[in-house]
Amino acid sequence: MQKAEVIAKVEKFKTKREVPIKMSSKKTEKELKIEDLPGIGAASAEKLREGGFDTLMSIAVATLGEIVNSAGVTETTARKAIKAARDGMDMGFQSGLELMKKRESIQKIPTGCKNFDTLLAGGVETGAITECFGQYGSGKTQIGQILAVQTILADPEAVAVYIDTENTFRPGRVIQFCQAVGLNSEDVLKNIKVARAFNSDHQMLLAEKVEDLIKEGLKVKLVVVDSLTAHFRAEFVGRGTLAERQQKLNKHMHVLARLAVIHNLAVYVTNQVMSKPDQFFGDPTEAIGGHIVAHNSTYRIYLRRGKKGTRVGKLVDAPDLADDECIFQITENGIEDA
Ligand code: GTP
Ligand code: MG
């Protein structure tokens, strides 16, 4: 895509951003209720709802084990229920045109920094996971907090969920970002729900709990997990534990991806890097989490320190954007063009 086109897209998006977010219509889901699924009576349906499986879509994409545990039914019943939910959901092929229409409901949350937003053709996308990885101080946490403020700037009713694993969420910093865009910081802080995750299991549970907030009626449009990998990295040490770690990370990211798609919200995760001592040429660092994190993230941005205190953001993986770089700086107001 040409730079001019990207800029035009950003400008177009800015005006579009005022429009409230519309989920793609789920008519079929309304027509068929959970109770209508074979073998699922009122009691099992209630248990499923309590377990977070409150839509046909959530059942259609669930694993057998999840339905067995949640509803307390046999595997055979769970298999039939999932199949019926899938049939009812019309999960087959769609035409490109239908997909294009669906993508109209996708929103972008900007960072407020022109260079960075241009790199992402508008900002961080709903319905997807965006990952920023890089060394300490590269700006990962700052961007997470800026996105929380920008989410509420775009829609005062929107809620941002911040899963903080490193105790680096700073309300004082959020107040600065609010002042920079003329928002009442108290209103914004009310709409940012922060939870400190003490270990990887806690972190996974918190991600699952986001569904509860949505059920309570909160309009969650952004989920930040900062950092996605730090607990996993600290808890699973040594080669023997690698498989288990990756399995858990995979499950965690699936929960996040499902939240993003089902509720048309943006997921932003941060990730550290490790050094590759055997790398003689190019950048001697590599993101944590290997293929699991790489494959589950829709957009990946590598952040590093540039010249004279600047930061460089490099888009390294995106389904619809060209690999590109941008330069920005972290200031009192947020991130700005350098
Ligand atoms: P780790 O979590 O340690 O891996 O790093 P990170 O990538 O999350 O770093 P973070 O986003 O917290 O960025 C920290 C950097 O932001 C600091 O080193 C400062 O350079 C910059 N920074 C933080 N607060 C301010 C501020 O109020 N003003 C300015 N100008 N810069 C700030
Ligand atoms: Mg950080």
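Read the numbers this way: they start at 1 and go in the same order the structure lists the ligands and their atoms.
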### Task
Of all the heavy-atom pairs spanning A266 and V124, show the shortest one and how long it is.
CB-CG1, 3.9 Å
### Task
Return the option from E336, K140, E332 holding the heavy atom at the smallest distance from atom 4 (O) of ligand 1.
K140
### Query
Just going by heavy-atom distances, which of R170, R304, R173, Q176 is nearest to atom 32 (C) of ligand 1?
R173
#### Entry: Y136 N/O/S atom closer than 2.8 Å to the Mg ion (ligand 2)
no
### Task
Would you mind checking if K251 and E66 are paired as a salt bridge, meaning a charged N to carboxylate O distance below 4.0 Å?
no
### Message
Test your reading of the model: is there a side-chain donor-acceptor pair from T77 to the backbone of V73, 3.5 Å cut-off?
### Response
no
### Task
For the pair S200 (side chain) and H231 (backbone), establish whether a donor and an acceptor sit closer than 3.5 Å, ignoring hydrogens and angles.
no
### Query
Which of parallel (below 30°), tilted (30 to 60°) and perpendicular (above 60°) describes Y302 and F133?
parallel
If we only consider heavy atoms of [X], is any one of them less than 4.0 Å away from an atom in ligand 1?
X: G134; result: no
X: Q329; result: no
X: Q145; result: no
X: I330; result: yes

